[in-house]
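Source: prediction; values computed, not measured. Labels below follow one simple rule: chain letters A, B, ... track the order of the sequence lines, proteins then strands, and each chain is numbered from 1.
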Amino acid sequence: MRPPCSLRHTPGGMIGAMSELHDPVLRWYADHARELPWRGPGASPWRVMVSEFMLQQTPVARVVPVFEAWLETWPTPADLAAAPSGEAVRAWGRLGYPRRALRLHAAATAITEQHGGEVPDAYADLIALPGVGDYTASAIASFAFGHRHAVLDTNVRRVFARAVSGTEFPGTAVTRPERELAESLVPDEEPATWAIAVMELGALVCTAAAPRCGSCPVQDRCAWWAAGRPAYDGPPRRGQAWAGTDRQVRGRLMAVLRDEPGTVSAGRLEQAWAEPVQRERALASLVADGLVVRVGDRFALPD
DNA sequence: AACCCGTGGTG
DNA sequence: TCACCAAGGGT
């Protein structure tokens, strides 16, 4: 039997609800964990790191094929660092937010130059890398190296919001009590398994839109369920405008550049978006981001 | 703190 | 159908 949950920290005085979560969640995970190419004993820290970059705001199903091809092409950080950043952007394909590809390339360069080509295991070294924030640093330190960290992603935050706090969704930003709760729940033994188990539960059962409470291992311990699944009552959560935004235009332009092996004429970009003011603004922002370079009167992905 | 950054699946 | 949202990070 696992020892009872640590009671060192008791935010909110919710010890009872907290300490009962571990065993059912871990048992559920043992039976329902997906086999993913960045999991398992064969998963190198680099594989974990690449997967975490790709999974930032992008669903698992879309990541898997790109991930496989990526690791085939660049099996180590040094391999990626040796390639032109534009090739990383091209290989990123349609995962979205292509600045992530640029940041992953920059992180690989930093790892090659400053860490002997090995993904660092310390949170402080990880979060210093481009494109690595609190979540990604915690995830790599935990999943790749087994370190004890609270891994707070959108899934984990939602599970704790419901099971412990009794609200349908967490707040916009991570609060101090929320972080302390998450940290208090991380077990001393196999903390990475706990982190990934809660995340998986949020991804497969305690989902945002249509939670499968009938299949949930902690339904009988869930504060939100006990309260009758009350509807979200917090501040309105901002939507993500799309049609007509610069993001849409940038996406159009990047799609053209990805699909061309060499340079692209200005005329070809005009076909992607007719309205000149917004097109030029978007193109300028792509150049400023380093996603596009001007080559004479033509355009291309960077070297 | 609020806003920006892609893309596509889904209920 | 269309609003919602997905293993966030940077500014």
Side-chain angles (χ1 to χ4, degrees), chain A residues 29 33-34 36-39 43 47-67 89 92-104 106-107 126-144 149-159 168-175 182 192 195-204 206-212 231-232 235-258 272-273 281-282 284-286 288-292:
Chain A
Y29 180 70
R34 291 170 291 181
L36 298 171
W38 47 84
R39 288 185 185 164
R47 290 178 76 87
V48 172
M49 178 170 164
V50 171
S51 77
E52 291 305 336
F53 269 75
M54 292 185 172
L55 288 164
Q56 290 169 3
Q57 298 284 283
T58 304
V60 166
R62 296 226 317 276
V63 164
V64 170
V66 179
F67 173 87
V89 172
W92 197 257
R94 307 184 68 82
L95 287 183
Y97 294 140
R99 292 189 297 188
R100 290 182 294 163
L102 230 42
R103 290 174 184 149
L104 180 52
L126 288 164
I127 204 169
L129 296 171
V132 177
D134 171 70
Y135 163 75
T136 303
S138 300
I140 296 172
S142 181
F143 303 155
H149 284 282
V151 182
L152 273 177
D153 80 321
T154 187
N155 291 306
V156 174
R157 295 188 64 214
R158 189 174 54 248
V159 169
E168 185 177 16
F169 296 111
T172 306
V174 177
T175 63
I196 195 62
V198 179
M199 198 176 301
E200 192 83 334
L201 184 66
L204 299 181
C206 194
T207 55
R212 299 158 174 80
Y232 178 70
R237 300 185 295 159
R238 300 188 317 278
Q240 304 172 347
W242 173 246
T245 63
D246 286 5
R247 290 160 71 195
Q248 184 184 23
V249 183
R250 285 167 56 106
R252 290 271 189 92
L253 299 177
M254 288 304 297
V256 171
L257 288 155
R258 274 198 311 268
W273 195 265
R281 184 174 67 231
S285 74
L286 289 172
D289 286 347
L291 283 164
V292 175

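With sequence neighbours left out, the side chain to side chain contact (heavy atoms under 4.5 Å, CB included) criterion links A:Ser142 to A:Val151, A:Ala192, A:Ala195. For A:Thr58, the side chain to side chain contact (heavy atoms under 4.5 Å, CB included) test picks out A:Arg62, A:Val63, A:Leu95, A:Arg100, with sequence neighbours left out. Partners of A:Arg99 under the side chain to side chain contact (heavy atoms under 4.5 Å, CB included) rule, at least two apart in sequence or in another chain, are A:Arg103, A:Arg250, A:Asp289, A:Leu291. Applying the side chain to side chain donor-acceptor pair (under 3.5 Å) test to A:Arg39 and every residue at least two apart in sequence or in another chain returns A:Glu200. Taking A:Tyr29 as the reference, nothing meets the ring-ring contact (aromatic ring centres under 6.0 Å, His included) condition, with sequence neighbours excluded. Applying the ring-ring contact (aromatic ring centres under 6.0 Å, His included) test to A:Tyr97 and every residue at least two apart in sequence or in another chain returns nothing. Applying the side chain to side chain contact (heavy atoms under 4.5 Å, CB included) criterion to A:Thr245, with sequence neighbours excluded, gives A:Ala241, A:Trp242, A:Arg247, A:Gln248. Remark: A:Arg158 engages A:Asn155 in a side chain to side chain donor-acceptor pair (under 3.5 Å) (not counting sequence neighbours).
Residue A:Arg34 is classed as a base contact, given a heavy-atom separation below 4.0 Å to a base. Residue A:Val156 is classed as having no contact, given no heavy-atom separation below 4.0 Å to the nucleic acid. Nucleic acid contact class of A:Gly96 (heavy atoms, under 4.0 Å, all strands): base. Within 4.0 Å (heavy atoms only), A:Thr136 reaches sugar-phosphate atoms of the nucleic acid but no base atom. Residue-level contact check: A:Arg157 touches neither bases nor backbone, having no heavy atom under 4.0 Å from any strand. A:Leu36 comes within 4.0 angstrom of a nucleotide base, judged by non-hydrogen atoms across all strands.
Between A:Leu102 and A:Val89, some side-chain heavy-atom pair lies under the 4.5 Å cut-off.
Of the residues in residues 54-64 of chain A, A:Gln57, A:Thr58, A:Arg62 come within less than 4.0 Å of DNA chain B through at least one heavy atom, sorted by number. Of the residues in residues 245-254 of chain A, none lies under 4.0 Å from DNA chain C by heavy-atom distance.
Whole-Å rounding puts the A:Phe53 CZ to C:dG9 P distance at 8 Å. Here C:dG9 presents its C1' atom at 13 Å from CD1 of A:Ile140, a figure rounded to the nearest Å. The separation between A:Leu126 atom CG and C:dG8 atom P is 17 Å, rounded to whole Å. A straight line from CG of A:Leu104 to P of C:dG10 spans 13 Å, rounded to a whole angstrom. If you take CE of A:Met49 and C1' of C:dA7, they are 15 Å apart, rounded to a whole angstrom. C:dA7 atom P lies 11 Å from atom CD1 of A:Ile196, rounded to whole Å. What separates CZ of A:Arg100 from C1' of C:dG10 is a distance of 14 Å, to the nearest Å. Atom C1' of nucleotide C:dG9 and atom CG of A:Asp289 are separated by 13 Å, given to the nearest angstrom.
In this structure, CE in A:Met54 is found 5.0 Å from CH2 in A:Trp92, a value given to the nearest 0.5 Å. Once rounded to the nearest 0.5 Å, the distance linking CD of A:Glu52 with CH2 of A:Trp38 reads 8.5 Å. Note: A:Ile196 CD1 to A:Leu36 CG = 8.0 Å, rounded to the nearest 0.5 Å.
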Tabulate protein N/O versus nucleotide N/O from nucleotides 1-5 of chain C, keeping only pairs under 3.5 Å, one per line.
{"unit_1": "C:dC5", "atom_1": "OP1", "unit_2": "A:Arg237", "atom_2": "NH2", "d": "2.4"}

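Place A:Ala173 and A:Pro98 on DNA chain B by their nearest nucleotides, and A:Ala173 ends up nearer the 5' end. Place A:Trp38 and A:Gly131 on DNA chain C by their nearest nucleotides, and A:Trp38 ends up nearer the 5' end. When the nearest nucleotides of DNA chain C are assigned to A:Glu52 and A:Ile127 by heavy-atom distance, the more 5′-ward of the two goes with A:Glu52.
Taking atom P on both C:dA7 and B:dC4, the two are 23 Å apart, rounded to the nearest angstrom. B:dG6 sits 14 Å from C:dT11 when the P atoms are compared, rounded to a whole Å. Only the C1' atoms considered, B:dC5 is 15 Å distant from C:dC5, to the nearest whole Å.
A donor-acceptor pair under 3.5 Å links the side-chain atoms of A:Arg47 to the main chain of A:Pro37, judged by distance alone. Checking side-chain atoms of A:Arg212 against main-chain N and O of A:Thr207 turns up no donor-acceptor pair under 3.5 Å. For the pair A:Gln56 (side chain) and A:Gly131 (backbone), a donor-acceptor distance under 3.5 Å is present.
Between A:Thr154 and C:dA7 there is no side-chain N or O to OP1 or OP2 distance below 4.0 Å.
Nucleotides of DNA chain B with any atom under 4.0 Å from a heavy atom of chain A span, from 5' to 3', B:dC3 to B:dG8.
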